Amino acid sequence: MQQFLIRDIYQKQLVNQKLCVNGWVKTRRDSKGGFSFLEVNDGSCLKNLQIIAENSLGNYHDDILNLFPGSSVKVEGTIVRSLGGNQEIELKAESVNVYGFSDVTTYPLQKQRISFEKLREIAHLRARTNTFGAITRVRNALSFATHRFFQERNFYYLNTPIITTSDCEGAGQLFRVTTLDMQNLPMNKPGNINSQSDFFGEEASLTVSGQLEAETYACALGRVYTFGPTFRAENSNTSRHLAEFWMVEPEMAFADLMQDITLAEDYLKFLINHLLNQCKEDLEFFNLHIENTLLEQLNNIVNCDFVILTYTDAIKILSKHKKFSFPVNWGMDLQSEHEQFLTEIEFKKPVVLTDYPKIIKPFYMRVNDDGKTVAAMDVLLPKIGEIIGGSQREERLDILQNRLKELGQNENNYWWYLDLRRFGTVPHSGFGLGFERLIKLCTGMGNIRDTIPFPRVPGNAKF
RNA sequence: UCCGGCAUAGCUCAGCGGUAGAGUAGGUGGCUGUUAACCACUUGGUCGUUGGUUCGAAUCCAACUGCCGGAGCCA
């Protein structure tokens with residue numbers, strides 16, 4: 001008998017069709033009228049399929065009456081119009097075969113509510129809940145939409161290395177990668193480990209960004225994007241940070257900051273439009289149960305023009321409001337409260353801040369004509385904060401060398417990066433988008449730990 | 001890492017110096033094309049750990065562990 005996904009059964013309204021469904025039991029309700037209702041979910045959509053299992057089935061007393069949440073079953077039967085009020089169709093079972101039972105006294109996911117904190121302790125089972133099923137489908141749709149967006153715009157998907165020896169960037173603690181015996185480290189002199197005998201012959205770590213490598217390919221093929229895991233060993237204990245997260249990093253040759261901003265805005269709108277079309281049911285679930293302004297927020301982002309504002313103008317706006325706990329002055333990095341003021345009170349929509357002081361931004365950002373600011377841009381969203389950070393890259397060799405010197409960096413470490421400026425340099429731009437922050441935005445989930453299947457944070461890499 | 005909060009039944013929580021509670025889940029019975037089913041009865045606890053104060057601590061104090069919220073770092 002042909003297997004169907006529950007999603008397809010609903011979409012195609014396959015009444016009178018004989019078919020087979022595989023899935024997990026959500027609940028069972030017994031009727032003394034001589035049959036049981038089973039709610040079965042197979043992950044293909046939020047909705048369960050109601051199964052009618054009559055007590056005339058051979059294994060009714062032995063098997064079906066022992067089906068509790070979490071059990072796995074194969075059901076064969078016919079789709080019929082439902083006599084009940086809450087669903088149009090249901091599956092009248094001709095057979096119910098049990099793959100595996102689930103002990104009601106020890107299986108943690110029963111019908112009652114369970115907190116997200118508790119679910120994190122059982123991350124191997126939380127995918128079976130409505131919420132995490134919906135998150136997974138949204139995450140999948142956003143991945144697909146990301147590839148579609150960039151492919152349609154002639155970007156090449158590029159895989160940059162996860163293990164890196166460029167100890168650059170300055171910002172961000174790195175995870176060390178080593179095969180050295182931790183009990184017996186080879187030392188040059190006391191306190192100085194001899195990394196030459198390590199696997200790569202020098203210090204290596206997990207990447208904090210694929211940007212520098214992506215630039216090399218953008219400066220050969222025009223347009224590329226990366227989409228892969230990224231690692232930060234910061235001791236960040238917040239609802240917006242992960243030690244392992246996924247980042248989307250497009251890089252474009254022959255593009256200035258404005259083109260970069262346009263790409264970022266188009267990308268975000270494309271993603272949300274894709275979701276509004278493809279994951280309607282899941283979004284409505286989030287809007288109803290997780291964050292009741294979600295659809296409003298998403299529609300707002302899609303329908304508005306992002307505010308584009310220089311850092312200097314933002315400081316002027318913020319200076320008029322004196323009620324911040326951190327006083328505002330030019331040259332400082334903006335605090336969360338300042339970003340929130342701009343996105344949630346002043347403009348009530350996404351704000352792109354540009355042209356930050358160069359002293360608070362990394363060496364690779366292009367220095368503006370004023371000599372004080374760089375061609376940077378951050379996309380700030382209401383409730384989410386910074387979701388995208390990008391810039392036009394410094395393409396002038398001498399200025400880039402000066403910047404490295406100012407920051408006390410040894411330019412020999414960047415010889416290959418500087419070669420791009422030595423041989424046929426071009427203006428180019430790009431940005432990085434935190435994929436889990438995007439999912440946070442699109443689902444309304446409050447904690448980023450619930451947007452990735454198995455979160456890695458300080459003190460926890462379980463599963 | 002800093003500031004604040006929380007940790008009590010499988011789950012969600014109340015109790016805040018004097019015999020450990022509710023809802024829900026589980027069990028039993030009743031009822032029912034049910035759908036967070038409903039009604040009655042019922043099982044279920046070293047009150048996070050260690051120490052202290054007290055005649056007496058789930059309750060007050062301290063340390064520790066874990067988690068949550070905010071801040072910093074950032075995507």
Side-chain angles (χ1 to χ4, degrees), chain A residues 26-40 47-54 68-69 80-87 90 92 103-122 129-130 169-173 207-211 227-249 264 289 324-326 333-340 360-362 378-381 384-390 431-441 446-452 457-460 462:
Chain A
K26 282 296 185 76
T27 66
R28 187 192 84 232
R29 294 179 294 273
D30 301 324
S31 168
K32 287 298 188 304
F35 58 95
S36 292
F37 301 95
L38 299 175
E39 297 254 357
V40 170
K47 268 194 275 190
N48 303 323
L49 183 63
Q50 177 161 284
I51 312 290
I52 307 299
E54 306 262 7
F68 289 99
V80 296
R81 296 252 170 238
S82 179
L83 302 177
N86 285 16
Q87 60 282 315
E90 62 196 15
K92 193 159 192 318
D103 181 2
V104 70
T105 60
T106 51
Y107 185 64
L109 301 176
Q110 299 298 330
K111 282 196 278 189
Q112 73 275 22
R113 265 197 208 92
I114 186 161
S115 65
F116 292 133
E117 291 81 14
K118 183 62 69 177
L119 284 172
R120 271 173 229 145
E121 295 170 15
I122 48 169
T129 63
N130 290 336
E169 300 275 333
Q173 293 290 311
T207 184
V208 294
S209 165
Q211 180 200 314
F227 182 10
T230 309
F231 307 88
R232 305 271 165 94
E234 301 289 347
N235 192 6
S236 296
N237 291 291
T238 80
S239 57
R240 319 181 288 288
H241 289 87
L242 292 165
E244 176 183 289
F245 64 99
W246 287 65
M247 192 150 66
V248 178
E249 295 181 290
H289 292 108
F324 298 114
S325 50
F326 289 87
D333 220 344
L334 294 186
Q335 309 290 316
S336 288
E337 59 173 344
H338 304 136
E339 296 180 354
Q340 281 164 19
I360 57 171
K361 288 293 183 184
D378 284 357
V379 179
L380 310 178
L381 298 180
I384 301 294
E386 182 179 348
I387 192 168
I388 286 176
F431 63 78
L433 170 132
F435 196 61
E436 283 74 20
R437 288 189 181 172
L438 173 71
I439 296 166
K440 208 164 167 267
L441 163 73
N447 194 313
I448 201 164
R449 295 165 196 210
D450 298 325
T451 63
I452 190 166
V457 295
N460 192 347
K462 292 195 172 54

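Order of the sequence lines sets the chain letters (A, B, ...), proteins ahead of strands, with each chain counted from 1. A quick note: this is a predicted structure, and the numbers were derived from the prediction, not measured.
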Go through [options] for me and flag the one nearest to the [X] side chain.
| X | options | answer |
| --- | --- | --- |
| A/F326 | B/A75, B/A71, B/U34 | B/A71 |
| A/S239 | B/G69, B/G33, B/U34 | B/G69 |
| A/L83 | B/G33, B/A75, B/C73 | B/G33 |
| A/E90 | B/G33, B/C68, B/C73 | B/G33 |

Next item on the list: Starting from P on B/U35, measure out to CD1 on A/I51 and report it in whole angstrom.
Entry: 18 Å
Next item on the list: May I ask you to verify whether the side chain of A/S236 and the base of B/C74 hold a donor-acceptor pair under 3.5 Å?
Entry: no
Next item on the list: Determine, answering yes or no, if A/F245 is stacked on B/A75 under the 5.5 Å centre rule and the 30° plane rule.
Entry: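 So yes, this residue stacks on that base, both cut-offs being met.
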So, the side chain of [X] versus the backbone of [Y]: is there a donor-acceptor pair under 3.5 Å, distance only?
| X | Y | value |
| --- | --- | --- |
| A/Q110 | A/Y107 | yes |
| A/S236 | A/T238 | no |
| A/R437 | A/E386 | yes |
| A/E337 | A/F326 | yes |

Margin query: Tell me whether A/R28 forms a cation-pi arrangement with A/F68, defined as NZ or CZ under 6.0 Å from the six-membered ring centre and within 45 degrees of its axis.
Written below: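 That pair qualifies as a cation-pi contact.
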Check: Which residue lies toward the 5' end of RNA chain B, A/T238 or A/I388, if each is placed at its nearest nucleotide?
Finding: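 That would be A/T238.
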Notebook entry, point to check: Given the rule that a pair is Watson-Crick or G-U wobble with both distances under 3.5 Å, how would you write RNA chain B in dot-bracket, using | for pairs to a different strand?
Noted result: (((((((..((((....[..)))).(((((.......))))).....(((((..]....))))))))))))....
Checklist line | Phosphate OP1/OP2 of B/U1 contacted by A/N235 side-chain N/O (<4.0 Å) | finding: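 Answer yes for this pair, as a side-chain N or O of A/N235 is under 4.0 Å from OP1 or OP2.
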Check: Looking at A/R449, does any N or O in its side chain come under 4.0 Å of the phosphate oxygens OP1/OP2 on B/C68?
Finding: yes
Item checked: B/U32: syn or anti, per glycosidic angle within 90° of 0 -> anti
Notebook entry, point to check: Considering only heavy atoms from C-beta outward, does the side chain of A/E436 approach that of A/R240 to under 4.5 Å?
Noted result: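 Heavy-atom side-chain distance check fails, nothing below 4.5 Å.
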Checklist line | Side chain proximity check, A/L381 to A/V379, heavy atoms < 4.5 angstrom | finding: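 Side chain of A/L381 against side chain of A/V379, heavy atoms only: contact under 4.5 Å found.
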Checklist line | Sequence-aligned protein contact record of nucleotides 38-48 of chain B, with B where the base is within under 4.0 Å of a protein heavy atom and S where only the sugar-phosphate is | finding: -----------
Margin query: Does the protein touch nucleotides 7-14 of chain B at the base, only the backbone, or not at all? Give it as B, S and - per nucleotide, heavy atoms under 4.0 Å.
Written below: ---BSS--
Next item on the list: Could you work out the separation of B/G10 and B/C47 based on their P atoms and round it to a whole Å?
Entry: 12 Å
Next item on the list: Write down the distance separating the P atoms in B/A20 and B/U59, rounded off to the nearest Å.
Entry: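 So the two P atoms sit 13 Å from each other.
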Check: Would you call A/D333 and A/K361 a salt bridge, using N to O less than 4.0 angstrom?
Finding: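 Answer for the salt bridge query: no.
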Next item on the list: Step by step, work out the side-chain hydrogen bond (donor to acceptor under 3.5 Å, both in side chains) result for A/Q50 and A/R29.
Entry: CA-CA 10 Å; A/Q50 177 161 284; A/R29 294 179 294 273; 3.2 Å; yes
Next item on the list: List the steps and the verdict of side-chain hydrogen bond (donor to acceptor under 3.5 Å, both in side chains) for A/T27 and A/E39.
Entry: CA-CA 5 Å; A/T27 66; A/E39 297 254 357; 4.8 Å; no
